Number of protein chains: 2
Amino acid sequence: MFAQSRIATSAPFNKPVAGRQRAGQLWSSLADVCSLLGVTPTVAATAADDVVFQHVQFKAGQRLFTIGQPFDALYLVNSGFLKTVMIDDAGNEQVLSFPMKGDVLGVDGIHLKQYMSEAVALSSCDVVVIPFKVFSSLGRKYPELELSLYGVLSRELTREHAMASALGSLSAEARVGRFLVALSERYSAMGYSGKEFNLRMTRQEIGSYLGMTLETVSRTLSAFDRIGYIAVEGRSVTLKDMQALKTMRRLPPSQSRSKEVPSAKKLFTNFSFEAAEDVLAAV
Amino acid sequence: MFAQSRIATSAPFNKPVAGRQRAGQLWSSLADVCSLLGVTPTVAATAADDVVFQHVQFKAGQRLFTIGQPFDALYLVNSGFLKTVMIDDAGNEQVLSFPMKGDVLGVDGIHLKQYMSEAVALSSCDVVVIPFKVFSSLGRKYPELELSLYGVLSRELTREHAMASALGSLSAEARVGRFLVALSERYSAMGYSGKEFNLRMTRQEIGSYLGMTLETVSRTLSAFDRIGYIAVEGRSVTLKDMQALKTMRRLPPSQSRSKEVPSAKKLFTNFSFEAAEDVLAAV
DNA sequence: CGATGTCTTGACGACCTTCAAGAGTCGTGG
DNA sequence: CCACGACTCTTGAAGGTCGTCAAGACATCG
């Protein structure tokens, strides 16, 4: 529900699209793209040989597009890790998402025909370029696909809702906890380990994404380590108590204050250990 | 940039769609709908008489759709005020938006074919029902319209980005300030006064939307009143210093900390009056 | 090897939530 | 008509969370 929560559509574990990784120029069929998108292509679409999509490689630090640049294509991540950022009116970067395999970039450029955010590669990346004209024409060519295409945008929107909700109502600890779990699930879905993985981004970037400072991110990770929810060392993380990480909350509703279980106040911040709360407080 | 920031597409001040307000059953043409959407219809579309859209009325408190309900239509607000909410896993309502004339509801239902949020009327409302099948078929029938349709979804997404950004990086005061300005601009665009207007929602709902408690909302409004930015009395508000309201910030970037003007620390919280800061602090 | 960027940790304090009490407002029913 | 309850809103007091500022440990790199 947090970051790039990929579909529940019985994802058939997309086979790696195309073999040679470092060709510099590579092409995908419509069927490949659909599978990457988590969309089940129809027979008609599967057979289509007339549309092919170009791949492009980016190295860490490179930009796929920048704010204000004329919009002409969507980008579909085939491999690698990236971030998208907005620049607020004070000139600060604000991280909006950490796209990875299967995610679509550039959607926010459709409306005003120019990208409203910036996409930066955090590692070497391989992305499929989908010219928007081609994208929209697909809906006409394969009407069965149309719903899926709108679905792609809708999915992005739902994710943003969840993000806004989390930012507004969860404590810093809870946000970091969920962030880790979301990453874990994402990695699992790609065939990597969901328990042990590397953060591809800095504390600063995580903080910006989660609406807190890098210091708070660092402190929270240290605290989680101390109480045994995870093990951290730099950017390598091992999750040890996923349940605890994902069930943290805060705010005895402010609405359920009135009615509902009038006993058991502080119990809402449900930690696994009794001691946990104190340890966290003691930071 | 905050709430329902309506397009910059030279909005031609949509004429009120259809005359009789209290008919209970009313119909709009495609051209009407396009104009409400802020989309310029092509001649072909303007002439189209074969598609008509049904209106439905709702009274304050009524729900247009609820979470989990099968998705089949988008709703376009013609008049009235509403809120959309999500229910988080603790069972709390979280306000996601305050839609009004020209806004589209239900977009988040496309992906999984069921609504992911709930829409509630805050006042009497008149909405246009757009069956999703009709919506998507329009793209095929009038290819020139297709881009606009995707644009509608893209616009929603951009708005959410701005919201997430604001939640993550602005102080409570700044968020309330911008919220008021956004409302004002919205009302102006509809032909109402942008200086004097009524809040249609409770402090609780504002707080939920802005990620703070109702008490903080109340206190902030009182403080704005005290220093002369606005005049409040219950739900009626008069804006007196829009500039001040919209330019509040916080967080000497944490990134521009390194370089940039090393002097003038606290100056970033740019208020119009020197005294303002103290007054706010004295609350 | 200094320079730069990342990460950790501590101390302090401001901002905002929490808890509580009271004033208004509105609708319903006696 | 007024009383009553249910909400909404305001304001105060207290405390916790998290941002701010600072210093130091590492790691990477030209």
Side-chain angles (χ1 to χ4, degrees), chain A residues 60-61 122 167-176 198-208 210-226 232-237 248-259 262 265-266 268-269 277-278 280-283, chain B residues 60-61 122 167-176 198-208 210-226 232-237 248-259 262 265-266 268-269 277-278 280-283:
Chain A
L122 294 179
L167 280 175
S169 71
L170 297 178
S171 71
E173 286 155 19
R175 288 187 301 231
V176 174
N198 269 45
L199 300 172
R200 299 325 206 279
M201 64 296 281
T202 67
R203 305 287 196 259
Q204 164 81 254
E205 286 161 344
I206 296 174
S208 172
L210 296 177
M212 64 187 79
T213 61
L214 73 166
E215 291 97 329
T216 300
V217 174
S218 177
R219 266 188 260 270
T220 305
L221 290 175
S222 298
F224 285 170
D225 183 311
R226 206 165 305 129
V232 217
E233 202 181 307
R235 299 206 181 164
S236 86
V237 178
M248 293 195 261
R249 268 186 204 72
R250 93 153 155 182
L251 300 178
S254 103
Q255 155 194 21
S256 69
R257 251 188 253 162
S258 35
K259 310 176 198 303
K265 271 195 231 174
K266 277 283 186 177
F268 282 90
T269 56
E277 195 166 351
D278 305 302
L280 278 168
V283 179
Chain B
L122 293 179
L167 281 174
S169 70
L170 297 177
S171 71
E173 284 155 21
R175 288 185 300 226
V176 174
N198 269 45
L199 301 173
R200 297 328 205 275
M201 63 296 281
T202 67
R203 306 286 195 260
Q204 164 80 255
E205 286 161 344
I206 297 174
S208 172
L210 297 178
M212 65 188 79
T213 61
L214 73 166
E215 291 97 328
T216 301
V217 174
S218 177
R219 266 187 258 270
T220 306
L221 290 175
S222 297
F224 284 170
D225 183 311
R226 207 165 305 127
V232 217
E233 202 180 306
R235 299 204 181 165
S236 86
V237 178
M248 293 195 261
R249 270 186 202 71
R250 92 154 156 183
L251 300 177
S254 103
Q255 155 195 23
S256 69
R257 252 188 253 161
S258 36
K259 310 177 198 302
K265 269 194 232 173
K266 278 283 185 176
F268 282 90
T269 55
E277 196 166 350
D278 304 301
L280 278 168
V283 179

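Computed from a prediction, not measured in an experiment: that's the story for all the values here. We name chains A, B, ... by the order of the sequence lines, and we start the count at 1 in each one.
- For D/dT20, neither phosphate oxygen OP1 nor OP2 lies less than 4.0 angstrom from any side-chain nitrogen or oxygen of A/T213.
- To the nearest angstrom, P of D/dG19 lies 12 Å from CD of A/Q204.
- As rounded to whole Å, 15 Å separates atom C1' of D/dT8 from atom CG of B/L122.
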Might you work through the side-chain contact (heavy atoms from CB on, under 4.5 Å) test for B/L221 and B/V176, ending with a clear yes or no?
CA-CA 8 Å; B/L221 290 175; B/V176 174; 3.9 Å; yes
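- Taking atom CZ of B/R175 as the reference point, atom C1' of C/dC15 lies 11 Å away to the nearest angstrom.
- Of the inter-residue distances, the one linking A/L199 atom CG with A/L122 atom CG reads 11.0 Å to the nearest 0.5 angstrom.
- In this structure, the nucleotide among D/dT11, D/dG19, C/dC7 sitting nearest to the side chain of A/S218 is C/dC7.
- At a cut-off of 3.5 angstrom, counting only N and O atoms as typed in the model, there is a donor on one side and an acceptor on the other between the side-chain of A/R219 and the base of D/dT20.
- In this structure, B/L214 atom CG and D/dT8 atom P are separated by 9 Å, rounded to whole Å.
- Among the nucleotides D/dG19, C/dT6, C/dT17, the one closest to any side-chain atom of B/T216 is C/dT17.
- The base of C/dG5 has none of its N or O atoms less than 3.5 Å from a complementary donor or acceptor on the side chain of A/R203.
- In this structure, B/E233 atom CD and D/dT8 atom P are separated by 19 Å, rounded to whole Å.
- Residue A/R235 places no side-chain atom within donor-acceptor reach of the base of C/dT8, judged by atom type and a 3.5 Å distance cut-off alone.
- Comparing atom distances between the A/E215 side chain and each of C/dT17, D/dT20, D/dG19 picks out D/dT20 as nearest.
- When rounded to the nearest whole Å, the span between CD of A/E205 and C1' of C/dG5 equals 12 Å.
- Note on A/G211: only backbone sugar-phosphate atoms sit closer than 4.0 angstrom, heavy atoms only; bases stay farther off.
- B/S222 places a side-chain N or O within 3.5 Å of a backbone atom of B/S218 that can act as its donor or acceptor partner.
- Although no hydrogens or angles enter the test, the distance criterion places a donor-acceptor pair under 3.5 Å between the side chain of B/T220 and the main chain of B/T216.
- Not a single donor-acceptor contact under 3.5 angstrom links the side-chain atoms of A/E173 to the base of D/dC18.
- If you measure from atom CE of B/M248 to atom P of C/dC15, you get 13 Å, rounded to the nearest angstrom.
- Of the possible polar contacts, one joining the A/R175 side chain to the A/L170 backbone as a donor-acceptor pair under 3.5 Å is found.
- Spacing between atom CD1 of B/I206 and atom P of D/dT8 amounts to 12 Å, rounded to whole angstrom units.
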